[in-house]
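Chain A is the first sequence line, chain B the second, and so forth, proteins listed ahead of strands; every chain is numbered from 1. All of these numbers come straight from a predicted model, not from anything done at the bench. Just so it is clear, the values below take in all heavy atoms, side chains as well, and ignore hydrogens, waters and symmetry mates.
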Amino acid sequence: MRIGFVMSMGRIATVSPRKREMARAFIFDWGLVFYGLLLVWHFGSLWRGEAAKGALPLLEISVFSTLLVILATWYGATPGRKLLGLSQQVQPRWYRLLWIFFSLMIALLTLVQGWRATQVDVAALLNRDGFDGVLRIGSALLSPQLSIFDKAIRALIETIYIALMATLLAVPVAFVVGFFGSQNLMTVTRWGSFVYSVVRFFLNLTRSIEPIIWAIIFSVWVGIGPFAGMLALALHSVASLGKLYSEQIESIDQGPLEAITATGAHSLQVVWYGVVPQVFLPFLSFTIYRWDINVRMATVIGLVGGGGIGTMLMQYQGLGRWNEVGTIIILIAIAVWAMDFASAKLRAAIS
Amino acid sequence: MTPRAILQIKNLSKTYPGGVHALRGVSFDIAPREFAAIVGLSGSGKSTLLRCINRLIEPTEGEIFFDGCSVTDLSLSELRRLRREIGMIFQQFNLISRFSAHTNAIFGRLGVIPLWRSLSGFWSKEDEDLAEKALCKVGLGHKMGRRAMNLSGGEQQRVAIARALNQNPKLLLADEPVANLDPALAHSVMQYLELANREFGMTILCNLHTVSLVKRYASRVIALKQGELVFDGSPEAINEDWFRHVYGEDCHGVA
């Protein structure tokens, strides 16, 4: 394709859809069988009384599950193929029962392993001493220490400003990134497809690292305090707003775009008048919601040195001063509730 | 016989990536000031044909000449210049619904308005006056300030026509312009296309569903069937046999 801004009706398919679906079914089945065999091996070694500390036989299980899936696929339908509608034939009774038994076994072993992994201990939950401890803290939380009220309010305001600055900083970046990360505008040309893939990759990468981890990284970089917290939130907001924005752009009506393109308009004009009016209000709504989320996250980030009320909470918790902790928790709850309420009202007013 | 054609389509084919053949070797010429209707069943390739002419869709094969120059090999900026000369009207109107009728009419001249002016929304007096004039031509001078979303379907299509008129094109492509309107409104919209054709000398290429509208407004009819041209001639030729030839053996009922 030589020209930049043509709205083609179809999309280029390089692999035949059927083959792609078969590959997907294979990956699904493989994952299921692999996981099932891993569980069986794990419980097998427990039953034989071997310590579950040794190396997992990942390679052996991989090879074995590949063979099994190939065999099952060759024989008939598999869960993956059924799920993707690739097999409509009725399978023999024993073969169906085999899969049902296998799936039930996976479900059961998963529950058992989940119970073991989280070290569920009902006795600890009902322990008398532990219960008394909770009561002590609980009663302290319910009798707030009002002498720190002023200081806590200041910290809370700091938190709200951290969230606000992070959002304001993220919006223009996410706005641009959103356009470059939208499939319908970018994958028309080869160069555009490349930019789209790169942008999407970095958005997913940034978003998959939790803000609390970014806060740790930034507090090492710029030092503990509100600045580090703000940067962490801003980065995460760019990633998540960028994704929301681009998804909104992908769902627009192509008609106005076509009409503007047909007048001989420049691509910038097409985006400005064909896309932006359609996404403006949803963008605004996402942004307000993001600020609301950022206030909550700023509190959590404060716990690892991101400044604001979270850091203050951490300090008093470290000192074991539960009355002060109670005051702070009540203030945070009120602030979060107020932000939630205000943002919901604002968003309702917009749409 | 015909004067120098304004539009020549030669052996035009379009195959979509999925393998659908929307157009197969379509050829015809359109003379200046003609009002040509394109008919055919849904999926016969009418919309694809119109969109190939201003290259909203890239043709797979064949050539298109508009006003003597080849449409199929143009650079991006040449293509934009070409599109200025070709107006387009759509079934779904395709207005920018949050903007006023007046601003939508201004958009017809986006290809000529300097980029900075159009992006800042700082329209010149000339831009505003021309858009107003275009709206008056379609009888909507009194509803200039209304948002497009608050206008009726017929009014929206008239704003779309004003946008196209404001572009002052040589050729006007209309893709099922009245398919979403009730019959009474259909005539009022078609009459403005007729006005563009007769008064302002624009050549019109219009996809139509309704045979009665073809007979009433078109000076020429081109029929497509599964992407192939099956008829090219006068609307006078429309009769029961013609209808079966174009729409299939089990269809009947010429309006």
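Sorted by first then second residue, the salt bridge (Lys or Arg N to Asp or Glu O under 4.0 Å) pairs that include residues 271-290 of chain A, not counting sequence neighbours, number zero.
Among A:F280, A:Y273, A:W272, the residue with the largest count of heavy-atom pairs under 4.5 Å with chain B is A:Y273. Between chain A and the residues B:L82, B:I86, B:L115, the largest count of heavy-atom pairs under 4.5 Å involves B:L115.
Atom CZ of A:F202 is surrounded by 12 or fewer heavy atoms from other residues, nucleotides or ligands within 6.0 Å. Within 6.0 Å of CE on A:M165 lie no more than 12 heavy atoms contributed by other residues, nucleotides or ligands. Counted within 6.0 Å of CZ on B:F65, heavy atoms from surrounding residues, nucleotides or ligands total more than 12; the atom is thus considered enclosed. Residue A:Y75 qualifies as enclosed at atom OH: its count of foreign heavy atoms under 6.0 Å is above 12. In this structure, A:F227 places its CZ atom where only 12 or fewer heavy-atom neighbours from other residues, nucleotides or ligands lie under 6.0 Å away. At most 12 heavy atoms of other shown residues, nucleotides or ligands fall within 6.0 angstrom of atom CD in B:Q226. Residue B:F28 qualifies as enclosed at atom CZ: its count of foreign heavy atoms under 6.0 Å is above 12. For A:F28, the CZ atom is densely surrounded, since the number of other residues' heavy atoms within 6.0 Å is greater than 12.
Taking non-hydrogen atoms and a 4.5 Å limit, the residue list of residues 161-170 of chain B in contact with chain A, ordered by number, reads B:R163, B:Q167. Proximity to chain A at a heavy-atom threshold of 4.5 Å picks out B:S118, B:L119, B:G121, B:W123 from residues 116-140 of chain B, in numerical order. Applying a 4.5 Å heavy-atom cutoff, the residues of residues 88-108 of chain B that approach chain A are B:M88, B:F90, B:N94, B:L95, B:I96, B:R98, B:F99, B:F107, B:G108.
Just one residue in the list B:L56, B:L110, B:L79 forms a side-chain contact (heavy atoms from CB on, under 4.5 Å) with A:T261, and that residue is B:L56.
Heavy atoms of B:I113 lying under 4.5 Å from chain A belong exclusively to its backbone. With a 4.5 angstrom heavy-atom cutoff, A:I260 touches chain B only via side-chain atoms.
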